[in-house]
Amino acid sequence: MLALAATPALAKSSGTILLQERCATCHDLKGPAAVTLSALRMRKGPDLFYAGNKYRAGWLVRWLEKPTRIRPAGMFYLDHIKPGPKRDVIDTTTLTPHLALNAGDAVSAAEALMGLKANGKLLGTKPFIPGPSPMGEMTFDKFYGCTACHEIEPEFGGLSGPEVYTAGRRLTPEFMLSFIRDPQAWNPKGLMPNKHVPEANIPKLVNFLIELAKKDWK
Ligand code: HEC
Ligand code: HEC
């Protein structure tokens with residue numbers, strides 16, 4: 001047994017060990033996603049067990065070295081807001097910065113994360129071919145009301161969902177397409193509603209997010 005455990009093919013990669021030791025307390029690395037609201041409330045960070053089907057690898061490395069806030073009001077909006085003069089505002093004193101990794105650890109953690117490939121069937125087999133997004137912002141904002149929960153530029157848009165002006169840098173187009181089509185297929189109790197966007201309009205939204213991410217944000 002000892003000899004077996006020592007064979008390199010069976011040994012866990014340093015990235016996998018790092019994930020288990022430093023990330024698993026807050027992130028689910030194995031799945032499945034929470035199926036009750038109380039289980040969802042226990043989540044201290046976003047699920048990562050399908051990371052390899054969600055993120056752009058290069059972004060992961062850069063972000064793990066220099067993390068920035070993605071959800072303006074943290075994991076659970078209601079935990080981090082306080083009443084303001086006109087509307088609720090974020091109580092930033094309740095938000096803590098994400099841990100940062102050194103360059104080498106960021107590469108090995110990203111490598112191990114890219115190996116976590118649950119839910120692949122939801123992505124289909126066709127690669128997404130980006131194109132222009134005429135009326136993209138109008139579709140996002142006015143037709144489907146997505147701006148109610150998502151910032152489409154810093155300080156503009158809702159605060160309960162992740163900022164989306166950087167989504168095109170962080171996420172693969174195939175993931176965005178699939179997530180917009182059916183958010184609950186990825187996260188059954190997740191707080192994004194299924195807006196039943198007609199199939200023909202989903203690529204418009206994805207193209208809008210891809211174009212948006214090319215602007216010179218932070
Ligand atoms: C104390 C809890 C905690 C620990 C430990 C932690 N994270 Fe996180 N992580 C979070 C929270 C909370 C967020 C959401 C941050 C945001 O949206 O601004 C997050 C976000 C992320 C994201 C972006 C996810 C997304 O889709 O928005 C990645 C990738 C990530 N963490 C990877 C890691 C890795 C790798 C480790 C271990 C080296 C780690 N985290 C350790 C709490 C944690
Ligand atoms: C009621 C608030 C709400 C509305 C309305 C909403 N979303 Fe979301 N959205 C969320 C939340 C919360 C998440 C994070 C969900 C999760 O991880 O399960 C999310 C996640 C996303 C993601 C993945 C982002 C990431 O960083 O992981 C995309 C892309 C997205 N939404 C696009 C849209 C589009 C397009 C619309 C309109 C058709 C929309 N959203 C409407 C709340 C909302």
Side-chain angles (χ1 to χ4, degrees), residues 26-56 59-60 63 69-81 113-114 116-128 130 133 136-153 156-213:
C26 296
H27 292 285
D28 191 330
L29 302 166
K30 290 203 188 81
V35 292
T36 62
L37 267 181
S38 56
L40 184 81
R41 284 294 269 137
M42 304 284 286
R43 294 284 199 270
K44 295 199 183 84
D47 285 347
L48 293 179
F49 62 88
Y50 49 81
N53 282 327
K54 175 173 181 182
Y55 303 107
R56 293 172 176 276
W59 173 82
L60 265 182
W63 188 84
R69 190 158 295 293
I70 298 168
R71 289 157 190 74
M75 272 300 280
F76 295 101
Y77 174 75
L78 292 174
D79 294 345
H80 301 285
I81 52 170
L113 284 172
M114 290 309 290
L116 304 178
K117 295 248 188 211
N119 292 357
K121 275 196 220 134
L122 298 175
L123 296 174
T125 49
K126 276 189 265 166
F128 183 85
S133 60
E137 178 166 347
M138 192 181 268
T139 310
F140 191 92
D141 185 21
K142 296 287 185 296
F143 295 177
Y144 298 115
C146 315
T147 318
C149 304
H150 292 289
E151 287 186 326
I152 53 173
E153 56 182 81
F156 183 77
L159 302 174
S160 61
E163 65 184 27
V164 289
Y165 53 93
T166 56
R169 298 179 191 174
R170 296 184 277 114
L171 311 173
T172 67
E174 291 80 8
F175 173 79
M176 292 192 279
L177 192 87
S178 164
F179 195 84
I180 296 167
R181 179 185 290 136
D182 187 358
Q184 275 64 45
W186 292 87
N187 190 353
K189 288 288 166 186
L191 302 178
M192 169 149 155
N194 187 334
K195 290 281 190 176
H196 302 284
V197 180
E199 201 56 35
N201 279 347
I202 304 177
K204 282 190 201 165
L205 293 167
V206 174
N207 280 323
F208 167 63
L209 295 177
I210 292 174
E211 285 304 310
L212 191 61

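These numbers come from a predicted model, not from an experiment.
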Quiz prompt | Ion pair Arg69/Glu163, N-O distance below 4.0 Å | solution = no
Self-check item: Euclidean distance, Asn207 CG relative to Leu177 CG, rounded to 0.5 Å
Solution: 9.5 Å
Quiz item: Between atom OG1 of Thr147 and atom CD1 of Ile152, what is the distance when rounded to the nearest 0.5 Å?
Solution: 4.5 Å
Quiz item: How long is the gap from CG on Leu159 to CZ on Arg71, to the nearest 0.5 Å?
Solution: 13.5 Å
Practice problem: Supply the atom-to-atom distance Ile210 CD1 to Leu171 CG, rounded to the nearest 0.5 angstrom. | Solution: 10.5 Å
Self-check item: Nearest atoms (heavy-atom pairs only) where Ser133 meets Glu211
Solution: OG-CG, 3.9 Å
Self-check item: Nearest heavy atoms of Pro193 and Pro183, plus distance in Å
Solution: O-CG, 3.8 Å
Practice problem: Rounded to the nearest 0.5 Å, what's the gap from CZ on Phe49 to CG on Leu113? Could you check? | Solution: 13.0 Å
Quiz item: Is the closest side-chain heavy-atom distance between Asn201 and Tyr144 below 4.5 Å?
Solution: yes
Self-check item: ring-ring contact (aromatic ring centres under 6.0 Å, His included) partner of Phe208, chosen from Phe143, Tyr165, Phe140
Solution: Phe140
Self-check item: Any pair counted as side chain to side chain donor-acceptor pair (under 3.5 Å), so long as it reaches residues 46-56, sequence neighbours left out
Solution: Arg43-Asp47
Exercise. Would you check if Phe128 and Met176 make a side-chain contact, meaning some heavy-atom pair closer than 4.5 Å?
Key: no
Exercise. Give, for atom CG of Leu116 and atom NE2 of His27, the distance between the pair rounded to the nearest 0.5 Å.
Key: 12.0 Å
Quiz item: So, for Met75 and Lys44, which heavy atoms are closest and what is the spacing to 0.1 Å?
Solution: CG-O, 3.5 Å
Exercise. Using the test side-chain contact (heavy atoms from CB on, under 4.5 Å), find all partners of Leu78 that sit at least two apart in sequence or belong to another chain.
Key: Ile81
Self-check item: Taking every non-hydrogen atom, the tightest pair across Leu60 and Met114
Solution: CD1-SD, 3.7 Å
Exercise. Can you see which heavy atom on Arg170 is nearest to which on Pro162, and at what distance?
Key: NH2-CB, 4.3 Å
Self-check item: Side-chain donor/acceptor of Ser178 to backbone N/O of Leu122, under 3.5 Å
Solution: yes
Exercise. Would you please test Leu40 and Asn187 for side chain to side chain contact (heavy atoms under 4.5 Å, CB included) and show each step?
Key: CA-CA 9 Å; Leu40 184 81; Asn187 190 353; 3.9 Å; yes
Self-check item: Any donor-acceptor pair under 3.5 Å from Thr172 side chain to Phe175 backbone
Solution: yes
Quiz item: Side chain of Gln184, backbone of Met192: donor and acceptor closer than 3.5 Å?
Solution: yes
Quiz item: Side-chain contact, heavy-atom cut-off 4.5 Å: Leu191 with Tyr77?
Solution: no
